[in-house]
Number of protein chains: 2
Amino acid sequence: MAKPANRSRDAYHVGNLAPQLLAAARTLLEEVGPTKLSLRAVSERVGVSATAAYHHFQNRNELISHLAAQGFAELAAALQRACSNGSGLDRVRAGSLAYLHFARSNPALYQLMFGPEFTDEALIPALQRERLAAFGELKRMVAETLGQALDSSDVRKASVAAWSYIHGLTSLVIHGLLPGAADNSDEHFVERTLEGFAALAISCTTPIK
Amino acid sequence: MAKPANRSRDAYHVGNLAPQLLAAARTLLEEVGPTKLSLRAVSERVGVSATAAYHHFQNRNELISHLAAQGFAELAAALQRACSNGSGLDRVRAGSLAYLHFARSNPALYQLMFGPEFTDEALIPALQRERLAAFGELKRMVAETLGQALDSSDVRKASVAAWSYIHGLTSLVIHGLLPGAADNSDEHFVERTLEGFAALAISCTTPIK
DNA sequence: GACGCAATCTTAACAACGTCAAGATGACGC
DNA sequence: GCGTCATCTTGACGTTGTTAAGATTGCGTC
């Protein structure tokens, strides 16, 4: 085996290798999962040697960091698209749906975005930026729902709460931890959990007995 | 290097190797993180050859599956301990605190428990069982909070909502995604998010204007 | 009490991985 | 036309999970 790939004579000076690598990594990511994504496989798919990537990225971590950043950017865009109108509960519903839908459409990418590689604070600027932008979009949604300023105390608390909720639900759904009812649509999961919160809220504000 | 370890003459027939491997893996897990946990390092720490583990576990995945199962068991126990008394909001608070506290005390284990290795349904029975037990504990907490039967529709919805919330918050905290306020105690995170939910609930039940 | 079976652990090896060092290739300015 | 330098390649190293085959020993059987 070990064919020379399609790496024929004009393999040198490919040109825009970095975007090509990222694109190949993106599709390969969903094919093999976040942990099995290997630099060598990505290179081979592009038709380039195994070490070519090191002239465009410091290491594997930096490559997947850009994938993660890309994911946060797309998530932010999806949130913005979904929350442009509507009010109150409808806006929360729409945002949650968009969030869950994005993650279920790109499960491996979502797992990568919240993977253990990015736990420490040594992140590339792009990732940090896009992450903050995505959270900012969520905050904007909450702020408009509450009818308060972006930096109000309520908005800050409520947006972390909302992020916790939708990220948690998404994570559970993606990992297949929610015993599959017949209907496992995005709408179903969001609607049922929102109803669940309502039941909890009622029961907590009006203590039993 | 490559010392013969403490693997002296009576290395054969160690006896209870499986528990020893699990224990070593457990401590090593928190030292190096969930992704860098290698079978070889675990074996070396126990003082046994690299392939000895294969006589007790099918592969690396089965070993870490047992770690994950162990984690869910401990989480369930912590929840049970925390939610034995109190009522209404206090019970939710106590359960959330216990959950978050467990995860922050064992961050690598928690990441492992919800890691991408266990996404598919091909799980060892122990993991599936302990997972369900932990979720059952959460459900019990919610049921007693709502004052309803364990299998009621409200309880099912609300417990998934509660799990989503606390798992999401925990995940965000562990990954360091919540911009650090001065106070980053468990109590602070739980209290603020619960207040956030309250704000959202009020604003959603009483639509603005 | 010797024998042999089977469980237990070993050494040796393989393929795949991330990564480094050194060399080949060719675009582009002088 | 020539040198420079970014770009890409080959080759290698150490580490990983995992398999195959051999060594060691506890334990039941005659």
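Order of the sequence lines fixes the chain letters, A, B, ..., with proteins taken first and strands second; residue numbering starts at 1 for each chain.
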As an exercise, state the distance from CE of Met113(A) to CZ of Phe102(A), rounded to the nearest 0.5 Å.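 Spacing of CE (Met113(A)) from CZ (Phe102(A)) equals 5.0 Å.
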Distance-only criterion, 3.5 Å: show the donor-acceptor pairs between side-chain atoms of residues 63-70 of chain A and protein atoms not counting sequence neighbours.
residue	atom	partner	partner atom	Å
Ser65(A)	OG	Asn61(A)	O	2.7
His66(A)	ND1	Glu62(A)	O	3.0

Can you tell me the distance, in whole Å, between the [atom1] atom of [X] and the [atom2] atom of [N]?
| X | N | atom1 | atom2 | value |
| --- | --- | --- | --- | --- |
| Glu44(B) | dG14(D) | CD | P | 16 Å |
| Leu21(A) | dG18(C) | CG | P | 13 Å |
| Lys36(A) | dC17(C) | NZ | P | 10 Å |
| His55(A) | dC5(D) | NE2 | P | 16 Å |
| Asn16(A) | dC8(D) | CG | C1' | 14 Å |

Tell me every residue that passes ring-ring contact (aromatic ring centres under 6.0 Å, His included) with Phe114(A), counting only those two or more places apart in sequence or in another chain.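 Only Phe72(A), Tyr110(A), His167(A) meet the ring-ring contact (aromatic ring centres under 6.0 Å, His included) criterion with Phe114(A).
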At a cut-off of 3.5 Å, list every protein nitrogen or oxygen paired with a nitrogen or oxygen from nucleotides 17-19 of chain D, distance to 0.1 Å.
residue	atom	partner	partner atom	Å
dG17(D)	OP1	Leu39(B)	N	3.0
dG17(D)	OP2	Leu39(B)	N	3.1
dG17(D)	OP2	Arg40(B)	N	3.4
dG17(D)	N7	Arg40(B)	NH1	2.4
dG17(D)	O6	Arg40(B)	NH1	3.0
dT18(D)	OP2	Tyr54(B)	OH	2.9
dT18(D)	OP2	Arg60(B)	N	2.9
dT18(D)	O5'	Tyr54(B)	OH	3.2

Quick check on dC9(C): is either OP1 or OP2 less than 4.0 Å from any side-chain nitrogen or oxygen of His56(B)?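 His56(B) to dC9(C) OP1/OP2: side-chain N or O found under 4.0 Å.
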Residues that Glu30(B) engages under side-chain hydrogen bond (donor to acceptor under 3.5 Å, both in side chains), provided they are two or more places apart: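 For Glu30(B) there are no side-chain hydrogen bond (donor to acceptor under 3.5 Å, both in side chains) partners, ignoring immediate neighbours.
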Using the test side-chain hydrogen bond (donor to acceptor under 3.5 Å, both in side chains), find all partners of Glu117(B) that sit at least two apart in sequence or belong to another chain.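 With neighbours one apart ignored, the set is empty.
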Partners of Ser185(A) by side chain to side chain contact (heavy atoms under 4.5 Å, CB included), sequence neighbours excluded?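 Partners of Ser185(A) under the side chain to side chain contact (heavy atoms under 4.5 Å, CB included) test: Asp183(A), Glu187(A), His188(A).
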Looking only at the side chain of Leu17(A) (C-beta and beyond, no hydrogens), which of the listed nucleotides dC8(D), dT9(D), dT10(C) gets closest?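 In terms of side-chain proximity for Leu17(A), the closest of dC8(D), dT9(D), dT10(C) is dC8(D).
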